[in-house]
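Report on the following structure.
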Amino acid sequence: MAEKRLLLIDGNSVTFKAFFALYTALGKFTNSDGLHTNAVYGFNTMLETMLNTVKPTHALVAFDAGKTTFRTKMYDDYKGGRAKTAPELSEQFPYVKKLLAARGIQTYELPNFEADDIIGTLAKQAEDAGFTTTIVTGDRDLTQLADDHTTVSISKKGVSDIEHYTPAYVQEKMGVTPQQIIDIKGLQGDNSDNYPGVTGVGPKRAVDLVGKYGSIEGIYDHIDDITAKKLKEHLVADHDQALLAKQLATIKRDAPVEKTLDELTYEGDQTEELVAFYQQMNFRTFLSKMSVDGEAPTATPGLKDISYQELTVANLGDLPAFDDGCEFHLEMLGDNYHLANMAGFVIGHNDQWWVSRDVNLLTQAPLKGLLESDKVSKQVFDAKRTYVALHRLGITLAGVDCDLLLGSYLLNTYDNSNDLGRVAMEHGYDQVATDEDVYGKGAKEAIPDDDEVFFSHLARKARALEQLRTPIFEGLKEHEQTQLYHEIELPMAFVLARMEIAGIAVKASELEAMGSKFTEQLAEIEQTIYQEAGEEFNIDSPKQLGHILFEKMGLPVIKKTKTGYSTAVGVLEKVAADAPIAENILTYRKIAKIQSTYVEGLLKVIHPDDHKVHTRYLQTLTQTGRLSSVDPNLQNIPVRTEEGRAIRKAFVPRHPGWQIFSSDYSQIELRVLAHMSHDANMQAAFREGEDIHAATARRIFKMGPDEEVTPNIRRQAKAVNFGIVYGISDFGLSQNIGISRKQAKNFIDTYFEEYPGVKAYTDRMVQQAHELGYVETIAHRRRYLPDINSRNFNQRSFAERTAMNTPIQGSAADIIKIAMIRMEDALKDLQATMLLQVHDELIFEAPAEEIETLAKLVPSVMDSAIDLEIPLKVESHFGPTWYEAK
DNA sequence: GTCATCACG
DNA sequence: ACGTACGTGATGACG
């Protein structure tokens with residue numbers, strides 16, 4: 001007998017998940033009738049995945065029948081207090097059902113029961129009848145149904161990110177058997193379903209107890225074995241509640257379901273109906289997939305065939321001149337393009353693609369000429385990556401027109417990915433797979449030996465570049481980001497590429513000398529700590545350290561983390577007065593950090609040939625428009641403590657006699673705020689060259705002109721200024737400077753009275769975010785804030801703070817990027833080279849005789865990068881190493 | 001892979 | 001009543 005495979009889907013839960021997974025794209029998913037379709041779309045994506053992997057013979061989607069169920073009869077407030085379902089979501093349920101009908105899948109609901117119970121009941125029947133069952137849901141509770149013949153697949157973040165729970169996986173992940181999930185829930189209760197368990201029992205204790213006694217009943221049978229006094233009291237007091245909660249959590253396996261398994265035979269797509277439905281929904285990509293049904297299967301379902309030619313030395317001459325431009329992609333496995341092997345490339349246009357594994361062909365005519373010509377416009381994915389890699393082959397890339405990665409990032413920072421396939425999918429183009437699909441991941445990641453697989457993937461990438469150029473440019477135009485793209489981000493990519501290639505020289509001998517000194521110091525402190533603790537333990541383990549400090553030594557617990565005692569700096573500083581061990585641990589930590597991250601970490605990445613480190617700047621990662629730096633991160637080299645700062649002595653110019661020169665913007669974020677808010681008082685302070693923190697202190701503390709601003713008062717005012725930039729809250733400020741929440745609120749109120757323009761600015765940004773769903777920087781960089789209208793206080797508050805902060809932080813990022821682009825031109829007749837950017841600071845190396853020139857030139861380029869209502873201020877330093885240049 | 005910690009602006 | 005400062009990356013521990 002053929003294998004029988006049953007697919008059971010929790011319709012409500014999956015529709016919910018799909019809706020929220022595609023929530024940011026809600027605006028893009030509407031059909032011509034104005035109906036939202038994101039949940040239907042997401043549901044169908046998930047369904048395709050499951051149909052392809054499970055290949056079911058039988059299938060059913062269960063829905064909840066209504067608000068009242070046997071559970072609400074047991075417990076009035078079951079699922080009480082839930083926010084009303086958004087209308088954009090409710091309107092989609094009927095269409096999900098229509099979709100299912102068109103796909104030949106039955107739907108079912110049963111009065112008084114939830115979808116869970118229908119699924120539980122049918123899964124039981126299926127097991128008895130020898131089926132293999134797959135349950136799909138977004139709700140972890142259903143993992144209680146996992147058994148040897150039943151897998152529970154939970155969609156995690158996205159619609160395609162699915163986790164499969166077998167009994168072994170449940171055990172591994174949750175620490176209990178599937179049957180014990182209900183005991184856990186009985187003890188813990190369920191916030192989202194709104195019923196309590198036992199007071200004081202959270203996930204950790206619940207797993208512990210159930211592990212020890214097997215079940216809730218087991219716990220109460222051995223109640224006298226429980227030594228923790230409070231816990232026992234709670235268990236006794238909440239006995240009834242625990243039993244009720246367990247009952248509520250238990251999925252029915254014998255609901256009066258009137259469907260028999262035989263009726264659930266999966267019919268497959270009802271083609272005509274489905275085409276009509278897709279048309280009604282405006283699902284173009286799903287429609288196009290239908291037309292390829294029945295063709296030879298490809299590596300990834302849904303991809304149409306693509307043709308290409310393999311390029312060789314013999315047919316290089318056949319390449320056209322590409323007068324209308326071309327698409328080009330250079331393939332590398334691995335993120336670090338300074339080192340990664342180049343695996344092949346594709347070039348072409350007008351759906352004619354040439355591919356090869358031999359990247360040396362690129363160095364030959366006519367390819368090298370094409371790549372280096374700014375007359376031949378090129379569409380690429382990640383221009384910086386491409387530029388750096390081609391540079392390794394002696395090719396200087398020019399003529400880049402559309403960088404899909406960069407354009408896509410500007411359109412929406414939120415869902416941007418480094419994978420061409422994924423980015424294409426974001427823009428509704430589904431004819432290219434992700435690298436993970438084609439190359440695999442982890443240890444198995446590799447360029448396929450099969451030419452057909454590899455080359456068609458390359459050709460599909462190139463075609464995606466061709467297809468997406470227009471939509472990307474149109475999107476940028478719509479967002480008024482054309483200038484941002486052409487005049488800032490695209491030129492920036494090449495400036496960064498050249499900085500990365502230049503690298504910065506690091507003296508290994510200097511680091512090694514520091515390292516051996518630190519090793520000695522660490523050994524010494526380690527011994528002292530062991531003596532104070534009375535035993536040896538791993539100081540690097542917060543868990544072991546917490547045990548020593550707070551259990552063995554009985555120090556007062558200041559703060560806890562999710563997993564145990566906090567041993568962070570603030571905590572250790574508080575207990576240091578009573579316990580010298582805390583002081584020693586702080587010293588140990590400080591040195592260990594410098595040692596492992598900076599001494600050892602940097603030594604690992606010094607290039608053996610040129611003795612330099614070549615970081616990579618990530619240009620499409622941050623949500624604000626800042627850069628980030630990896631492999632190594634050169635934007636967080638220590639400076640605040642003397643021991644750490646010494647690391648900078650190892651950063652030197654590449655030639656003897658040269659100097660390191662650095663310039664930084666002074667208070668750029670507050671100046672940007674003064675500009676954007678037009679606040680007269682704040683602007684006056686900057687125009688008159690005042691110390692802004694002192695000026696703020698005078699204002700918020702209502703000081704007379706002759707009163708002296710003490711360092712402590714200035715420190716507090718500085719914290720308030722920072723708080724404003726971060727999107728102020730009284731709580732946050734009170735924590736930061738150790739005052740009461742009430743005092744903090746006072747400071748903020750006074751601040752806003754004194755700087756009314758700033759108050760108006762913050763209100764305006766929050767309001768704009770509410771109305772438009774995004775905020776913008778000076779250069780029209782955009783950040784979407786989908787949580788701004790969230791019903792969850794925390795998420796909403798966070799979005800509001802972000803609405804205030806992002807235009808400030810992001811505009812500062814715009815400004816330094818403009819300065820960097822102009823800087824290259826300003827330096828063209830000098831030997832001086834720009835090496836690093838650290839958010840508000842630029843670092844150069846130059847011959848000593850150019851320092852005088854730089855000291856004038858660099859600040860003038862930086863402070864004229866943009867015309868604000870107040871002046872920008874730049875400070876410079878230089879010296880024989882980075883250590884002195886500050 | 002996730003957490004806690006700590007380095008920077 | 002809710003429970004927080006904004007933006008990052010690297011490390012070691014631990015599951």
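In the text below, chain A, chain B and the rest are named by the order of the sequence lines, each starting its count at 1.
- No donor-acceptor contact under 3.5 angstrom links the side chains of A/Thr561 and A/Ser566, judged on distance only.
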Distances under 3.5 Å between nitrogen or oxygen atoms of protein and nucleotides 1-3 of chain C:
unit_1 : atom_1 : unit_2   : atom_2 : d
C/dG3  : O6     : A/Arg741 : NH2    : 3.3

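- In this structure, the nucleotide among B/dG9, C/dT8, B/dA4 sitting nearest to the side chain of A/Gln623 is C/dT8.
- Here B/dC6 is the nucleotide among C/dA5, B/dC3, B/dC6 with the atom lying nearest to any side-chain atom of A/Arg589.
- Within the 4.0 angstrom heavy-atom criterion, no nucleotide atom of any strand lies near A/Ile808.
- Using a 3.5 Å distance cut-off with no hydrogens or angles, the side chains of A/Gln743 and A/Ser734 do not pair a donor with an acceptor.
- Side chain to side chain, A/Glu884 and A/Thr881 meet the donor-acceptor criterion of an N or O pair below 3.5 Å.
- Residues satisfying the ring-ring contact (aromatic ring centres under 6.0 Å, His included) criterion with A/Phe752, sequence neighbours excluded, are absent altogether.
- Straight-line distance from the CD atom of A/Gln735 to the P atom of C/dC6: 13 Å, rounded to whole Å.
- Annotation: ring-ring contact (aromatic ring centres under 6.0 Å, His included) contacts of A/His338 (sequence neighbours excluded): A/His614.
- As rounded to whole Å, 13 Å separates atom P of B/dT5 from atom CD1 of A/Ile558.
- With 3.5 Å as the limit, one finds no donor-acceptor pair spanning the side chains of A/Thr434 and A/Asp419.
- At the heavy-atom level, A/Gly723 lies under 4.0 Å from base atoms of the strands shown.
- Atom CG of A/Leu586 is separated from atom P of B/dT5 by 12 Å (rounded to the nearest Å).
- Residues passing the side-chain hydrogen bond (donor to acceptor under 3.5 Å, both in side chains) test with A/Arg796, sequence neighbours excluded: none.
- In this structure, A/Lys649 has no side-chain hydrogen bond (donor to acceptor under 3.5 Å, both in side chains) partners at least two apart in sequence or on a different chain.
- A heavy atom closer than 4.0 Å to some atom of DNA chain B occurs in A/Ser566, A/Thr567, A/Ala568, A/Val569, these being the qualifying members of residues 566-575 of chain A.
- Using a distance-only test at 3.5 Å, with no hydrogens or angles considered, a donor-acceptor pair links the side chain of A/Arg385 to the main chain of A/Asp335.
- In this structure, the CD atom of A/Gln809 is 11 Å from the P atom of C/dC6, given to the nearest Å.
- Look at NZ on A/Lys559: it is 12 Å from C1' on C/dT4, rounded to the nearest Å.
- Spacing between C/dG3 and B/dA7 at atom C1', rounded to whole Å, works out to 27 Å.
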TODO: Do nucleotides 9-15 of chain C as a string where each nucleotide becomes B, S or -: B if the base has a protein heavy atom under 4.0 Å, S if just the sugar-phosphate does, - if no protein is that close.
DONE: BBSSSSS

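- Considering only the side chain of A/Arg640, B/dC8 comes nearest among B/dA7, C/dG7, B/dC8.
- Contact annotation for A/Ala719: base contact, defined as any heavy-atom pair under 4.0 Å involving a base atom.
- Residues passing the ring-ring contact (aromatic ring centres under 6.0 Å, His included) test with A/Phe878, sequence neighbours excluded: none.
- With sequence neighbours left out, the ring-ring contact (aromatic ring centres under 6.0 Å, His included) criterion links A/Phe651 to A/Trp882.
- Put simply, the side chain of A/Gln635 and the base of B/dC8 share no donor and acceptor less than 3.5 Å apart.
- When rounded to the nearest whole Å, the span between CG of A/Asp787 and P of C/dT4 equals 15 Å.
- For C/dC2 and B/dC6, the P atoms lie 29 Å apart once the distance is rounded to whole Å.
- Within the 4.0 angstrom heavy-atom criterion, only backbone atoms of the sugar-phosphate kind lie near A/Asp840; the bases stay farther away.
- Taking A/Asn746 as the reference, nothing meets the side-chain hydrogen bond (donor to acceptor under 3.5 Å, both in side chains) condition, with sequence neighbours excluded.
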Open item on the list: Output the pairing pattern of DNA chain C as a dot-bracket string, 5' first, Watson-Crick or G-U wobble with both distances under 3.5 Å, | for cross-strand pairs, [ ] for crossing pairs.
Closed with: .....|||||||||.

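- Counting only residues at least two apart or in different chains, salt bridge (charged side-chain N to carboxylate O under 4.0 Å, His left out) contacts with residues 555-569 of chain A are absent.
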TODO: Determine, step by step, whether A/Glu500 and A/Tyr337 satisfy the side chain to side chain donor-acceptor pair (under 3.5 Å) criterion, reporting the C-alpha distance in whole Å, the side-chain angles of both residues, the deciding distance to 0.1 Å, and the verdict.
DONE: CA-CA 11 Å; A/Glu500 293 176 6; A/Tyr337 46 70; 2.6 Å; yes

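- A donor-acceptor pair shorter than 3.5 Å can be found between the side chains of A/Gln619 and A/Glu489.
- The CD1 atom of A/Ile637 sits 13 Å away from the P atom of B/dA7 (whole-angstrom rounding).
- In this structure, A/Lys441 places its NZ atom 10 Å from C1' of B/dG1, rounding to the nearest Å.
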